[in-house]
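Dropping a structure here in structure tokens format, bear with me for questions.
Because the structure is a prediction, the values reported are computed rather than measured.
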Amino acid sequence: MRLPQSESLASAHGRLILGHVNTAQRTLLPDACIWDNLKLHGTFMTTPGTALYVIEGTLGREIDQILDLQIGAFGPLEREDDADFRAIKRCYGSGRGRPLYYRIFSRVGGAVQIEVAPIPDAAYAVDTEALCRPKLLTADEDTTVLDDDAIFLGALMLAKSDQGMDVTMDNQAFMAKVFGEVGSQGVSNWGDVEPV
């Protein structure tokens with residue numbers, strides 16, 4: 001599954017296959033299941049009077065989504081959509097306290113910026129559980145982080161689809177492989193995340 005950097009591949013066909021492999025690993029598989037080895041756990045400290053925080057991946061890993069935020073044993077912060085979050089902020093006004101709610105404020109490169117409410121009144125340690133997106137395979141030493149067989153089947157399905165071929169059987173094989181792996185996922189997390 002390791003391929004050289006796409007610019008160094010001599011053929012357009014090789015670059016195309018590398019693109020399909022990356023699409024299978026970075027899009028198809030993460031969309032099918034919450035994979036344990038894509039989970040990132042960390043902690044950040046709040047600053048009194050500051051509502052915006054950036055949650056970053058480690059070792060260049062790009063954050064795909066936030067699964068859970070929790071302050072000690074107080075239970076998870078509740079995620080709200082923008083409209084509900086603004087209503088909650090209006091209720092708190094300029095009041096301060098332990099954060100109870102958050103929303104996704106923006107994406108900053110490979111990181112996610114969140115906003116919390118109420119605005120922290122003290123320094124709180126916020127435990128995070130997030131999903132990262134697998135790194136692009138670009139160099140000889142790059143390795144896959146998800147199931148190699150599932151990645152192969154996904155790339156094969158994409159390649160055949162590009163050629164206008166019937167991919168019904170390939171799609172079934174890919175889905176069978178993916179959902180055969182789903183049962184082994186979701187066991188190492190500290191949140192209440194179930195496979196989707």
Practice task
Taking Trp35 for its side chain and Leu29 for its backbone only, find out whether a donor-acceptor pair lies under 3.5 Å.
Solution key: yes
Problem - Pairs touching residues 94-122 that satisfy salt bridge (charged side-chain N to carboxylate O under 4.0 Å, His left out), sequence neighbours left out - result: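 Passing the test, one end in residues 94-122: Asp82-Arg103, Lys89-Glu115, Arg103-Glu115.
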Exercise for the section: For residues Ile66 and Ile63, report the shortest heavy-atom separation together with the two atoms involved. Expected result: CD1-CG2, 4.2 Å
Exercise for the section: Give the minimum heavy-atom separation between Leu146 and Gln25, together with the two atoms involved. Expected result: CD1-O, 3.7 Å
Exercise for the section: Taking the side chain as every heavy atom from C-beta outward, state whether Val21 and Leu137 have any atom pair closer than 4.5 Å. Expected result: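 When only atoms from C-beta onward are counted, Leu137 and Val21 do touch, with a gap below 4.5 Å.
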Practice task
Please list, chain by chain and in numerical order, all residues satisfying ring pair (Phe, Tyr, Trp, His ring centres under 6.0 Å) with Tyr124, sequence neighbours excluded.
Solution key: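 Partners of Tyr124 by the ring pair (Phe, Tyr, Trp, His ring centres under 6.0 Å) criterion come out as none, since no residue qualifies.
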Exercise for the section: Please identify each residue that fulfils ring pair (Phe, Tyr, Trp, His ring centres under 6.0 Å) with Phe74, with sequence neighbours left out. Expected result: none
Problem - Full working for side chain to side chain contact (heavy atoms under 4.5 Å, CB included) between Met175 and Asn171 - result: CA-CA 6 Å; Met175 295 307 285; Asn171 186 46; 3.8 Å; yes
Fill in the blank from the handout: Interatomic distance, OH@Tyr92 vs CD1@Ile119, rounded to 0.5 Å, equals 11.5 Å
Exercise for the section: May I ask you to test the Leu67-Ile34 pair for a side-chain heavy-atom distance under 4.5 Å? Expected result: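 Yes - at least one pair of side-chain heavy atoms lies under 4.5 Å apart.
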Problem - CE (Met169) with more than 12 external heavy atoms under 6.0 Å - result: no
Exercise for the section: Would you please say whether a donor-acceptor pair under 3.5 Å links the side chains of Gln113 and Ser106? Expected result: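 There is such a pair between these side chains.
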Problem - Pro120 versus Pro99, closest heavy-atom pair with distance - result: CG-CG, 3.8 Å
